[in-house]
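Report on the structure given below.
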Amino acid sequence: MKFELLKTDNCSDARTGIITTDHGKIKTPIFMPVGTVGTVKGVHFSELIEQIKAQIILGNTYHLYLRPGLEILKEAGGLHQFNGWKKPILTDSGGFQVFSLTGIRKLSEEGCEFRSHIDGSKHFFTPESVIDTERIIGADIMMAFDECPPGKSDYSYARQSLELTQRWLDRCLTRFHMTKPLYGYNQSLFPIVQGCTYKDLRSEAAKFIADKNADGNAIGGLAVGEPVDVMYEMIEVVNAILPKDKPRYLMGVGTPQNILEGIERGVDMFDCVMPSRNGRNAMLFTYEGTLNLRNKKWEADFSPLDSNGCEIDKITSKAYLHHLFKAGELLAMQIASIHNLAFYLRLVTDAQNHIEKGDFTKWKSSVIDQLGRRI
């Protein structure tokens with residue numbers, strides 16, 4: 001994987017770049033739709049490409065390991081062949097999912113024992129087994145196995161957790177370098193910065209990871225309940241240390257405002273379930289603010305969802321989508337998901353354009369407040 005830094009904003013750390021993988025190029029900053037089990041819920045790949053304009057999607061190691069399982073994925077030739085997506089894929093390590101299984105997992109130096117949320121069967125993840133699993137899935141970008149501690153962890157637990165994550169990272173890297181891709185194209189491994197909301201731990205983690213000289217680096221364990229100003233502070237602390245010539249990925253974030261604030265602080269890659277999950281619950285994101293399409297106020301509003309949006313936005317009225325949600329039609333969730341994902345991709349593309357024009361900070365200031373307004 002290669003990363004070319006193209007332009008840095010004059011008034012902030014916002015930047016544009018190009019990530020080149022064997023499955024294609026990714027212009028940054030970028031938002032990556034979440035395809036947990038190998039699919040972005042309710043959205044066809046043709047819509048991801050033509051309307052949403054996705055350049056890369058996510059899969060999740062935990063979910064894909066459980067279903068369809070590694071035998072099927074390996075026999076298919078990896079996730080790209082299994083689901084038919086020909087562009088880049090990133091896989092989370094499954095660490096967040098495993099450690100969120102409170103009460104049905106057991107953590108040790110060796111790894112983590114957990115029970116499937118599907119059938120209760122017992123499984124065990126180690127740094128080595130996760131690397132092997134991600135090799136079988138075949139994502140272009142693999143994430144290291146880490147512990148994602150609760151956001152309100154005390155300092156003692158946060159330090160112990162970080163030290164475990166660092167030992168696991170060394171094991172992940174050893175396994176990664178001992179093994180080869182299975183399907184004839186290259187894979188990259190990103191370490192993950194942890195440390196909760198403690199600046200010294202975040203700094204220590206960022207320095208530890210920067211020394212590994214990985215193809216890219218991720219920031220995890222944020223947007224888990226801490227105040228947003230604390231999240232932004234942690235991003236600043238970490239990005240002051242992570243190498244500028246490698247892409248930076250802020251995991252699981254977030255709202256449109258979060259994304260613009262992250263871009264301003266030098267983040268290149270984002271993912272979040274929010275646009276699709278909120279869309280399935282009738283919330284639409286727009287530059288004017290958020291809309292709840294279940295509200296009666298849209299019943300006779302025949303204006304398009306977004307006259308500047310994707311094709312579906314232009315041909316679907318608010319009244320029609322309101323009707324579909326009230327009628328319980330599956331198409332409602334599909335249209336709303338496409339709209340929200342297309343809006344997120346449009347947002348980061350607009351950010352790219354304004355960074356290149358040299359007026360990103362001014363543009364961001366002009367739109368950020370209204371993005372969170374409820375209409």
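Side chain to side chain, Ser121 and His123 meet the donor-acceptor criterion of an N or O pair below 3.5 Å. With 3.5 Å as the limit, one finds a donor-acceptor pair spanning the side chains of Thr361 and Asp9. Between Glu264 and Ser12, the side chains place no donor N or O within less than 3.5 Å of an acceptor N or O (distance only, hydrogens not considered). Residues Lys25 and Thr20 have side chains that bring a donor and an acceptor to within less than 3.5 angstrom of each other. With no hydrogens or angles considered, no side-chain donor-acceptor pair links Asp146 and Thr165 at under 3.5 Å. If you check the side chains of Ser303 and Lys318, you find a donor sitting under 3.5 Å from an acceptor. Side-chain contact, Asn258 with Thr255: a donor N or O sits under 3.5 Å from an acceptor N or O.
Between atom CG of residue Leu330 and atom CE of residue Met333 there is a gap of 4.5 Å, rounded to the nearest 0.5 Å. Annotation: the span from Glu147 atom CD to Gln160 atom CD amounts to 9.5 Å, rounded to 0.5 Å. Here the CD-CD1 distance, from Glu47 to Ile52, works out to 7.0 Å after rounding to the nearest 0.5 Å. To the nearest 0.5 Å, the span separating CG on Leu90 from CD1 on Ile30 amounts to 12.0 Å. In this structure, CD1 in Ile312 is found 3.5 Å from CD1 in Ile338, a value given to the nearest 0.5 Å. Atom SG of Cys172 is separated from atom CD of Glu134 by 8.0 Å, given to the nearest 0.5 angstrom.
Of the possible donor and acceptor atoms, none in the side chain of Asp313 sits under 3.5 Å from a partner among the backbone N and O of Ser307. No donor-acceptor pair under 3.5 Å is formed between the side chain of Asp13 and the backbone N or O of Ile263. Looking only at distances, a side-chain donor or acceptor of Asp140 sits under 3.5 Å from a matching main-chain atom of Ile89. Under a 3.5 Å cut-off, the side chain of Arg202 and the backbone N or O of Val237 do not form any donor-acceptor pair. Of the possible donor and acceptor atoms, none in the side chain of Asn278 sits under 3.5 Å from a partner among the backbone N and O of Pro275. For Thr28 (side chain) and Gly17 (main-chain N/O), a donor-acceptor pair under 3.5 Å exists by modelled atom type. Judged purely by atom type and a 3.5 angstrom limit, Asp22 uses its side chain to pair as donor or acceptor with the backbone of Asn186. The main-chain N or O of Arg277 is found under 3.5 Å from a side-chain atom of Asn281 such that the two form a donor-acceptor pair. Looking at Ser161, its side chain never comes within 3.5 Å of a backbone N or O of Ala158 through a donor-acceptor pair. At least one donor-acceptor pair under 3.5 Å links the side chain of Arg135 to the backbone N or O of Thr179.
With contacts defined as side-chain heavy-atom distances shorter than 4.5 Å, the pair Gln81/Lys86 qualifies. With contacts defined as side-chain heavy-atom distances shorter than 4.5 Å, the pair Arg294/Asn292 qualifies. With a 4.5 Å cut-off on side-chain heavy atoms, Arg167 and Glu109 count as touching. At least one side-chain heavy atom of Leu48 sits less than 4.5 Å from a side-chain heavy atom of Trp85. A heavy-atom distance below 4.5 Å is not found between the side chains of Met143 and Thr91. Counting heavy atoms from C-beta on, the side chains of Leu58 and Thr36 never come closer than 4.5 Å. At a threshold of 4.5 Å between non-hydrogen side-chain atoms, the residues Val253 and Met231 count as touching. Using a 4.5 Å cut-off on side-chain heavy atoms (C-beta onward), Asn239 and Ile219 make contact.
A salt bridge links Arg175 to Asp132: one of the charged nitrogens lies within less than 4.0 Å of a carboxylate oxygen. Ion pairing between a basic and an acidic side chain is recognised when a charged N comes within 4.0 Å of a carboxylate O; Asp306 and Lys314 show no such pairing. Salt-bridge annotation for Lys199 and Glu233: present, with a side-chain N of the basic residue lying under 4.0 Å from a carboxylate O of the acidic one. Look at Glu356 and Lys27 and you find a salt bridge, because one of the NZ, NE, NH1 or NH2 atoms lies within 4.0 Å of a carboxylate O, short of that distance. Note on Lys212 versus Asp170: salt bridge recorded, some NZ/NE/NH1/NH2 to OD/OE distance being below 4.0 Å. Salt bridge Glu226/Lys152: absent, no basic N to carboxylate O contact under 4.0 Å. Using a cut-off of 4.0 Å between Lys/Arg side-chain N and Asp/Glu carboxylate O, Glu288 and Arg374 are scored as not salt-bridged.
Val130 and Phe124 fall into different hydrophobic clusters, where Ile, Leu, Val, Met, Phe, Trp and Tyr residues are linked whenever their side-chain heavy atoms come under 4.5 Å apart, directly or through other members. Both Val43 and Ile57 belong to a single network of hydrophobic side chains, linked directly or stepwise wherever heavy atoms of I, L, V, M, F, W or Y lie under 4.5 Å apart. By the rule that hydrophobic residues join a cluster once side-chain heavy atoms approach within less than 4.5 Å of another member, Val37 and Met274 end up as members of separate clusters. Linking Ile, Leu, Val, Met, Phe, Trp and Tyr whenever their side-chain heavy atoms come within less than 4.5 Å puts Leu250 and Leu341 in one cluster. The cluster map of Ile, Leu, Val, Met, Phe, Trp and Tyr, joined by side-chain heavy atoms under 4.5 Å apart, puts Leu201 and Met234 in different clusters.
Taking all atoms of both residues into account, the shortest heavy-atom contact from Val224 to Gly151 is CG2-CA, 3.6 Å. Scanning all heavy atoms of the two residues, the minimum distance from Glu110 to Pro127 falls at O-CD, 3.6 Å. The minimum heavy-atom distance between Pro256 and Leu371, with the atom names listed, is CB-CD1, 4.1 Å. Here the shortest heavy-atom pairing between Pro68 and Phe82 reads CG-CE2, 3.7 Å. Nearest heavy atom pair, residue Asp271 against residue Gly252, reads OD1-N, 2.9 Å. In terms of heavy-atom proximity, Arg280 sits nearest to Ser337 at CG-OG, 3.8 Å.
A tilted orientation is assigned to the rings of Tyr62 and Phe114, their planes being inclined by 30° to 60°.
Legend: ring-ring contact (aromatic ring centres under 6.0 Å, His included) pairs involving residues 253-291, not counting sequence neighbours, sorted by first then second residue: Phe285-Tyr344, Tyr287-Phe343.
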(message) What verdict does the side chain to side chain contact (heavy atoms under 4.5 Å, CB included) test give for Asp350 and Trp363, after you've listed the backbone C-alpha separation in whole Å, the side-chain angles of each residue and the deciding distance to 0.1 Å?
(response) CA-CA 9 Å; Asp350 288 347; Trp363 169 76; 3.7 Å; yes

(request) Starting from the C-alpha separation in whole Å, work towards a yes-or-no answer on side chain to side chain contact (heavy atoms under 4.5 Å, CB included) for Ile235 and Arg248. (result) CA-CA 10 Å; Ile235 296 170; Arg248 302 158 175 163; over 6 Å; no

(request) Please assess Ser203 against Asp200 for the test side chain to side chain donor-acceptor pair (under 3.5 Å), listing each intermediate value before the final yes or no. (result) CA-CA 5 Å; Ser203 295; Asp200 63 325; over 6 Å; no

(message) What verdict does the side chain to side chain contact (heavy atoms under 4.5 Å, CB included) test give for Met32 and Gln55, after you've listed the backbone C-alpha separation in whole Å, the side-chain angles of each residue and the deciding distance to 0.1 Å?
(response) CA-CA 7 Å; Met32 304 179 286; Gln55 299 179 48; over 6 Å; no

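Ring pair Trp298/His322: centre-to-centre distance not below 6.0 Å. In this structure, the ring of His80 has its center less than 6.0 angstrom from the ring center of Tyr185.
Other members of the hydrophobic cluster containing Ile18, listed by chain and number, are Leu6; membership follows side-chain contacts under 4.5 Å among ILVMFWY residues, whether direct or relayed.
Cation-pi contact between Arg265 and Tyr232: present, with separation from the ring centre below 6.0 Å and deviation from the ring axis of at most 45°.
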